[in-house]
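Remember, it's a predicted structure, so these values are computed and weren't measured experimentally.
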Amino acid sequence: MAGTTVHTLENQQLLEQVERESAAAARQLAETAHLRKGQLVVIGCSTSEVVGHQVGSWSTPEVADAIFRGLDSVFGPMGVYMAAQCCEHLNRALIVEYEAVPGGEIVNVVPQPKAGSSFATAAYKAFRHPVALEEIRADAGLDIGGTLIGMHLKKVAVPVRLEQDHIGQAIVLVARVRPKFIGGDRAVYDETLKEGYPDFTD
């Protein structure tokens with residue numbers, strides 16, 4: 001079948017680099033978006049872009065594994081869940097831990113590097129109880145290589161600039177969310193909500 005080549009990468013230095021860069025991006029996003037336990041971050045990732053090729057053309061599982069390790073080293077201890085966005089061949093479905101979405105409508109698909117994405121495949125292998133969903137509403141998003149994650153973010157998305165703006169050769173685009181402001185001119189607002197959703201766990 002055309003377009004099913006999966007590439008290997010033996011450049012250990014690059015794998016270590018993207019793992020470090022992924023961890024740095026996760027830390028900066030967690031701080032900027034005030035992420036906390038139980039929240040969801042949607043991750044879109046083109047390993048092709050990370051290694052300097054056009055999205056969808058150079059799927060590289062080793063790079064996906066390194067990026068997952070870097071992100072998980074930050075989000076895991078925080079109790080923040082990752083939702084790995086699949087590629088367009090699976091209509092940008094998501095792979096997530098079941099405990100993060102117990103009421104979600106599960107669909108049946110197992111991602112593969114060229115039919116789901118290398119990153120979603122890495123997440124499926126690493127999660128304890130992976131499930132696939134067609135949609136979620138995440139609390140923040142990390143887009144590595146221009147994979148278009150906006151369809152899975154809560155409204156309203158707010159762009160975030162990170163110091164770690166690349167992973168490998170891929171551009172990193174990031175967003176947090178905040179509640180909608182409704183009611184017009186006469187409405188009174190809680191100004192603290194401009195920074196995001198409230199934490200009622202205290």
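- The main-chain N or O of Gln112 is never found under 3.5 Å from a side-chain atom of Tyr124 such that the two would form a donor-acceptor pair.
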- Residue pair Val50, Thr60: steps toward the side-chain contact (heavy atoms from CB on, under 4.5 Å) verdict: CA-CA 9 Å; Val50 171; Thr60 313; over 6 Å; no
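- Across all non-hydrogen atoms, the minimal contact from Cys86 to Ser117 is CA-OG, 4.5 Å.
- Residues Val177 and Val42 share a single hydrophobic cluster, defined by chaining ILVMFWY side chains whose heavy atoms lie under 4.5 Å apart.
- Neither Val160 nor Leu173 shares a network with the other; the hydrophobic side chains, linked directly or stepwise wherever heavy atoms of I, L, V, M, F, W or Y lie under 4.5 Å apart, form separate groups for each.
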- Starting from the C-alpha separation in whole Å, work towards a yes-or-no answer on side-chain hydrogen bond (donor to acceptor under 3.5 Å, both in side chains) for Gln17 and Gln13. CA-CA 6 Å; Gln17 173 192 331; Gln13 186 175 0; over 6 Å; no
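- Glu97 places a side-chain N or O within 3.5 Å of a backbone atom of Arg128 that can act as its donor or acceptor partner.
- Under the 4.5 Å side-chain contact rule for hydrophobic residues, Leu35 and Met82 share a cluster.
- Judged purely by atom type and a 3.5 angstrom limit, Ser48 has no side-chain atom pairing as donor or acceptor with the backbone of His53.
- Counting heavy atoms of neighbouring residues, nucleotides and ligands inside a 6.0 Å radius, atom CD of Gln164 exceeds 12 of them.
- A donor-acceptor pair is defined here as one N or O able to donate and one able to accept, closer than 3.5 Å; no such pair exists between the side chain of Glu88 and the backbone of Leu90.
- Shortest non-hydrogen contact noted between Ala115 and His89 is CA-CB, 4.5 Å.
- Here the straight-line distance linking atom CZ of Arg178 with atom CD of Glu195 works out to 10.5 Å at 0.5 Å rounding.
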- For the pair His166 and Ile171, evaluate side-chain contact (heavy atoms from CB on, under 4.5 Å) and give the outcome as yes or no after the intermediate values. CA-CA 5 Å; His166 280 74; Ile171 295 173; 3.6 Å; yes
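- Under a 3.5 Å cut-off, the side chain of Asp190 and the backbone N or O of Thr192 do form a donor-acceptor pair.
- Side chains of Tyr98 and Pro130 form no contact here, defined as non-hydrogen atoms less than 4.5 Å apart.
- Between Ile136 and Ala83, the shortest heavy-atom contact is CD1-CB, 3.5 Å.
- The same ILVMFWY cluster, assembled from side-chain heavy atoms under 4.5 Å apart, contains both Ile106 and Val96.
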- Could you go step by step and tell me if Arg176 and Tyr197 meet the side-chain contact (heavy atoms from CB on, under 4.5 Å) rule? CA-CA 10 Å; Arg176 64 175 179 85; Tyr197 284 77; over 6 Å; no
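- Side-chain contact between Leu15 and Glu62 is present, with at least one heavy-atom pair separated by less than 4.5 Å.
- Minimum heavy-atom separation, Leu40 to Ala100: CD2-CB, 4.3 Å.
- Proximity of a side-chain donor or acceptor of Gln28 to a complementary backbone N or O of Ala25 within less than 3.5 Å is not detected.
- Both Phe119 and Val110 are assigned to one and the same hydrophobic cluster, defined by single-linkage of ILVMFWY side chains at heavy-atom distances under 4.5 Å.
- Here CG of Asp199 is found 4.0 Å from CZ of Arg36. Values are rounded to the nearest 0.5 Å.
- Applying the side-chain contact (heavy atoms from CB on, under 4.5 Å) criterion to Glu16, with sequence neighbours excluded, gives Gln12, Arg20.
- Closest of all the heavy-atom pairs between Leu29 and Ala175 is CD1-O, 4.1 Å.
- Other residues, nucleotides and ligands contribute more than 12 heavy atoms inside 6.0 Å of the CD atom of Glu191.
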Could you go through residues 142-154 and list every donor-acceptor pair under 3.5 Å that involves a side-chain atom there, pairing it with any protein atom two or more places apart or in another chain?
| residue | atom | partner | partner atom | Å |
| --- | --- | --- | --- | --- |
| Asp143 | OD1 | Gly146 | N | 3.0 |
| Asp143 | OD1 | Thr147 | N | 2.7 |
| Asp143 | OD1 | Thr147 | OG1 | 3.0 |
| Asp143 | OD2 | Thr147 | N | 3.1 |
| Asp143 | OD2 | Leu148 | N | 2.9 |
| His152 | NE2 | Arg92 | O | 2.7 |
| Lys154 | NZ | Asp139 | OD1 | 2.6 |

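- Residues Val172 and Val174 share a closest heavy-atom pair of CG1-CG2, 3.7 Å.
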Name each donor-acceptor pair under 3.5 Å that joins a side chain in residues 63-81 to protein atoms two or more places apart or in another chain, with its distance.
| residue | atom | partner | partner atom | Å |
| --- | --- | --- | --- | --- |
| Arg69 | NE | Glu19 | OE1 | 3.2 |
| Arg69 | NH2 | Glu19 | OE1 | 3.3 |
| Ser73 | OG | Gly70 | O | 2.6 |
| Tyr81 | OH | Glu99 | OE2 | 2.9 |

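- Between Thr121 and Pro61 the shortest side-chain heavy-atom distance does not fall below 4.5 Å.
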